[in-house]
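Positions are given from 1, in the same order as the sequence printed here.
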Amino acid sequence: MLLNISSPPISHRNPHFLSPLNHLPPRSKTHLSKSHLYSAFPNQTLKNRAPFGNKTPPHGDRLRLRPKALPGIDLGSFESVLEATAVLTAIIVVHESGHFLAATLQGIHVSKFAIGFGPILAKFDFKNVEYSLRAFPLGGFVGFPDNDPDSEIATDDENLLKNRPVLDRSIVVSAGIIANVIFAYVIIFVQVLSVGLPVQEAFPGVLVPEVKTFSAASRDGLLSGDVILSVDGAELSKTGPDAVSKVVDVVKRSPESDVLFRIERGNQDLVVRVRPDKNFDGTGKIGVQLSPNVRITKVRPRNVPEAFRFAGKEFMGLSSNVLDGLKQTFFNFSQTASKVAGPVAIIAVGAEVARSNTDGLYQFAALLNINLAVINLLPLPALDGGTLALILLEAVRGGRKLPVEVEQGIMSSGIMLVIFLGLFLIVKDTLSLDFIQEML
């Protein structure tokens with residue numbers, strides 16, 4: 001799973017998320033495995049839909065977006081971690097269920113349905129299909145008995161996936177993507193009906209929702225609820241995550257050097273001088289969480305047609321932002337590569353969302369679904385798009401498949417890349433966790 005955490009995700013239009021990395025199981029069988037790569041989520045700031053004036057809203061009216069922790073990634077409470085893990089698992093189940101149902105409804109033989117990869121933790125058999133939960137939560141796969149030497153099904157059986165026409169196979173391969181798109185829309189629709197659509201307006205400055213005990217910020221006088229209006233003389237406009245990034249960048253560049261903050265505390269305008277501590281990687285840290293200074297309201301639909309309209313508009317907006325983020329990742333990879341994260345960071349981000357704003361889990365889940373769908377459409381080995389590209393090439397060649405060795409070589413190279421990238425990101429994300437950094 002990969003994630004771009006270039007700025008604080010989630011809350012109505014401030015997400016940046018991720019995707020899962022999965023690798024294919026053993027070669028002895030045919031599988032649809034998910035290399036759920038997630039890419040960048042751009043800064044998504046909501047257009048102002050309701051004027052609130054130019055004053056900073058009272059603290060009670062501020063939306064706590066997923067705050068951006070300077071030292072690293074904070075997993076938060078165990079309950080919030082479970083909530084985020086449940087969301088991610090549900091999305092993987094939906095994706096694999098799309099492949100599974102598309103195959104079984106067409107009468108195609110299926111032998112396995114797995115969540116995760118590697119050693120089996122639990123399993124059961126039902127109607128000749130093995131359902132299993134596996135050790136590594138990097139996605140899942142649906143297995144087919146096409147090349148299984150232990151299978152009792154004849155190799156020329158017309159209901160083996162490999163023997164089906166191009167259209168049938170294309171439906172099976174693309175069904176996971178379609179399932180995630182539908183699930184994303186359903187999640188947004190439920191959000192619109194149950195809690196309403198969040199609408200936010202940005203105000204100048206950056207909110208400090210939390211100051212860690214014994215941190216540089218706590219030592220030098222920053223308090224929870226402060227609004228940072230400028231840093232080292234640079235005014236912070238109401239640009240949401242961009243303002244947060246500006247503060248983060250200044251702090252990181254200033255280990256053990258004074259940083260001057262002009263803050264608003266209630267009705268007071270104060271200046272606070274903070275000396276960032278040096279992090280293990282040489283960058284500065286002050287031990288605060290930051291979020292855009294915004295006010296939020298909830299808009300509820302007056303009727304069902306309006307609910308569909310709200311959900312459709314929100315779905316298109318989030319999809320557009322995901323595509324923009326993907327484009328930024330590919331065209332500015334040197335700048336965004338360090339911000340791509342894996343499953344550990346996905347859970348950490350989701351946990352922060354759940355802890356600070358439970359309603360944000362709706363968009364966390366919707367964004368994960370959309371990202372998974374978009375990334376899997378890419379014509380890369382180990383992705384659904386790569387498999388579809390091979391099927392399309394077969395159709396263009398008049399039904400002649402590529403030699404098995406060539407096809408296996410293409411897929412194996414992609415699988416190995418996914419495995420190594422996934423393991424690298426797991427290690428990197430784990431080292432970025434707050435409690436790990438505190439031990440270093």
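Of the candidates Pro292, Ser291, Ser224, Ser291 is the only one forming a side chain to side chain contact (heavy atoms under 4.5 Å, CB included) with Leu207.
A salt bridge does not link Arg253 with Asp232: every distance from a Lys NZ or Arg NE/NH1/NH2 to an Asp or Glu carboxylate oxygen is 4.0 Å or more.
Of all heavy-atom pairs between Ile375 and Leu383, the closest is O-CD1, 3.3 Å. Across every non-hydrogen atom of Ala184 and Ile370, the tightest pair is CB-CG1, 3.7 Å. Scanning both residues, Pro276 and Ser257, for their nearest heavy atoms gives CD-O, 2.9 Å. For Leu229 against Pro204, the heavy-atom pair with the smallest separation is CD2-O, 4.2 Å. Closest heavy-atom contact between Ala202 and Val294: CA-CG1, 3.7 Å. Taking all atoms of both residues into account, the shortest heavy-atom contact from Lys278 to Lys285 is O-CE, 4.4 Å.
Looking only at side-chain heavy atoms (C-beta outward), Val181 and Phe315 come within less than 4.5 Å of each other. Side-chain contact between Tyr362 and Ile188 is absent, with no heavy-atom pair separated by less than 4.5 Å. Counting heavy atoms from C-beta outward, Leu290 and Ile228 have side chains that approach closer than 4.5 Å. Two residues are said to be in side-chain contact when any heavy atoms from C-beta on lie closer than 4.5 Å; Ile115 and Tyr131 fail this criterion. Between Ile120 and Glu130, some side-chain heavy-atom pair lies under the 4.5 Å cut-off. Between Val227 and Val208, the closest side-chain pair of non-hydrogen atoms is not below 4.5 Å. The shortest distance between side-chain heavy atoms of Phe144 and His99 does not fall below 4.5 Å. Residues Val288 and Val211 have side chains in contact (heavy-atom distance under 4.5 Å, counting atoms from C-beta outward).
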Between Asn180 and Val94, does a side chain to side chain contact (heavy atoms under 4.5 Å, CB included) hold up when you go through it step by step?
-> CA-CA 7 Å; Asn180 282 124; Val94 166; 4.3 Å; yes
Hey, mind stepping through Ile182 and Ile178 against side chain to side chain contact (heavy atoms under 4.5 Å, CB included) and telling me if it holds?
-> CA-CA 6 Å; Ile182 294 173; Ile178 295 170; 3.8 Å; yes
Kindly indicate, with the supporting measurements, whether the criterion side chain to side chain contact (heavy atoms under 4.5 Å, CB included) is fulfilled by Asn376 and His95.
-> CA-CA 11 Å; Asn376 265 285; His95 187 96; 4.0 Å; yes
Residue pair Phe261, Val274: steps toward the side chain to side chain contact (heavy atoms under 4.5 Å, CB included) verdict = CA-CA 7 Å; Phe261 293 100; Val274 179; 3.7 Å; yes
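A distance-only check finds a donor-acceptor pair linking the side chain of Ser111 to the backbone of Gly143 [under 3.5 Å]. At least one donor-acceptor pair closer than 3.5 Å links the side chain of Ser215 to the backbone N or O of Lys212. A donor-acceptor contact shorter than 3.5 Å is absent between the side chain of Arg275 and the backbone of Ala217. Asn279 contributes no side-chain N or O that, together with a main-chain N or O of Asp281, makes up a donor-acceptor pair within less than 3.5 Å.
Arg273 meets the side chain to side chain contact (heavy atoms under 4.5 Å, CB included) test with Asp258, Leu260; sequence neighbours excluded. The salt bridge (charged side-chain N to carboxylate O under 4.0 Å, His left out) check on Glu235 picks up Arg262, with sequence neighbours excluded. Evaluation of the side chain to side chain contact (heavy atoms under 4.5 Å, CB included) rule for Leu193 yields Phe189, Pro301, Ala307 as partners, not counting sequence neighbours.
Ile171 CD1 to Leu101 CG: the interatomic distance, rounded to the nearest 0.5 Å, is 13.5 Å. Between atom CD of residue Glu306 and atom CG of residue Leu197 there is a gap of 10.5 Å, rounded to the nearest 0.5 Å. A distance of 10.0 Å separates CZ of Phe183 from OG of Ser97, quoted to the nearest 0.5 Å. The NZ atom of Lys246 sits 6.0 Å away from atom CG of Leu236, with the distance rounded to the nearest 0.5 Å. With rounding to the nearest 0.5 angstrom, the CG atom of Leu390 is 10.0 Å from the CZ atom of Arg169. We find the CG-CD1 distance between Asp226 and Ile263 to be 3.5 Å, quoted to the nearest 0.5 Å.
Side chain to side chain, Glu314 and Gln191 fail the donor-acceptor criterion of an N or O pair below 3.5 Å.
Note: Phe100 and Phe113 have perpendicular aromatic rings, judged against thresholds of 30 and 60 degrees for the angle between ring planes.
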